[in-house]
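What you see below is based on every heavy atom in this structure, not just the backbone, and it leaves out hydrogens, waters and symmetry mates. Worth saying up front: this structure is predicted, and the values here are computed from it rather than measured.
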Amino acid sequence: QLQFVESGGGLVQPGGSLRLSCAASGRTLDYYAIGWFRQAPGKEREGVSCISASGRTTGYADSVKGRFTISRDNAKNTVYLQMNSLKPEDTAVYYCAAHRTPSPHEYSYYRSLNHRDYTNWGQGTQVTVSS
């Protein structure tokens, strides 16, 4: 069973940076596309960033483009989300999740910001951006 532990969240001032980690256990991440999602109180879960299993393609929500960068290190079974120029509206619980890719094409290119496309979820890490 694939399981995740997210870490790296915390309190940061506007304009600051954080790097979130999504460490997997139970299975190798090699054949999974990974997404980062966030959910603020009273709001729906939204997709932030995603990366294909191959690492070849990535995707970002418009609200974070140019500020966030997703990457993966399959040797460490970990996916990262580098968050720069943080804003108060980035405050939320951040989750990572996995989508198994059943074909070579999906392995190379599949990524999605739709949380309904993902199955395995971590417990989340809180990010608070405030002065």
Quick check: closest heavy atoms across [X] and [Y], and the distance to 0.1 Å?
X	Y	value
Tyr95	Glu6	CA-OE2, 3.3 Å
Met83	Val127	CE-CG2, 3.8 Å
Asn74	Ala53	ND2-O, 3.9 Å
Cys50	Tyr118	CB-OH, 3.7 Å
Gln126	Val93	OE1-CG2, 3.2 Å

Heavy-atom distance under 4.5 Å between the side chains of [X] and [Y], does that happen here?
X	Y	answer
Arg100	Asn120	no
Ile70	Phe68	no
Leu2	Leu29	yes
Leu113	Tyr60	no
Trp36	Val79	yes

Check your understanding: Rounded to the nearest 0.5 Å, how far apart are CD of Gln123 and CD of Gln3?
Key ->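 One finds 10.5 Å between CD of Gln123 and CD of Gln3.
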
Point to revise | Reported CZ-to-CG distance for the pair Arg72 and Leu81, which is rounded to 0.5 angstrom | key: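 Atom-to-atom, Arg72:CZ and Leu81:CG are 13.5 Å apart.
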
Exercise for review: Each residue besides Val5 in its hydrophobic cluster should be listed here, by chain and number; the cluster joins Ile, Leu, Val, Met, Phe, Trp and Tyr at side-chain heavy-atom distances under 4.5 Å.
Suggested key: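 Joined to Val5, directly or through intermediates: none.
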
Point to revise | Linked hydrophobic residues, Tyr31 as query - side chain contacts closer than 4.5 Å | key: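 Under the 4.5 Å side-chain rule, Tyr31 groups with Tyr107.
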
Exercise for review: Step by step, work out the salt bridge (Lys or Arg N to Asp or Glu O under 4.0 Å) result for Asp62 and Lys65.
Suggested key: CA-CA 5 Å; Asp62 287 344; Lys65 279 181 182 176; 3.2 Å; yes

Could you list the donor-acceptor pairs under 3.5 angstrom formed by side chains in residues 8-25, with sequence neighbours left out?
unit_1 : atom_1 : unit_2 : atom_2 : d
Ser17  : OG     : Asn84  : OD1    : 2.9

Point to revise | Ser52/Ser54 under side-chain hydrogen bond (donor to acceptor under 3.5 Å, both in side chains): CA gap, chis, key distance, verdict | key: CA-CA 5 Å; Ser52 62; Ser54 67; 3.1 Å; yes

Exercise for review: Would you indicate whether Arg67, at its atom CZ, is surrounded by more than 12 heavy atoms from other residues, nucleotides or ligands within a distance under 6.0 Å?
Suggested key: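 For Arg67, atom CZ is crowded (more than 12 foreign heavy atoms under 6.0 Å).
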
Check your understanding: Honestly curious: do Tyr80 and Val48 fall in one hydrophobic cluster under the side-chain, below-4.5 Å linking rule?
Key ->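 Result: no, two separate clusters.
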
Exercise for review: Just do the side-chain hydrogen bond (donor to acceptor under 3.5 Å, both in side chains) check on Glu44 and His115 with the steps written out, would you?
Suggested key: CA-CA 10 Å; Glu44 291 189 358; His115 64 88; 5.9 Å; no

Check your understanding: Under 6.0 Å between ring centres, would you say that holds for Trp121 and Phe37?
Key ->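 Ring-ring flag for Trp121/Phe37: true, centres closer than 6.0 Å.
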
Check your understanding: Checking side chain to side chain donor-acceptor pair (under 3.5 Å) against Arg38, which of Asp90, Thr91, Thr125 comes through?
Key ->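 Answer to the side chain to side chain donor-acceptor pair (under 3.5 Å) test with Arg38 among Asp90, Thr91, Thr125: Asp90.
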
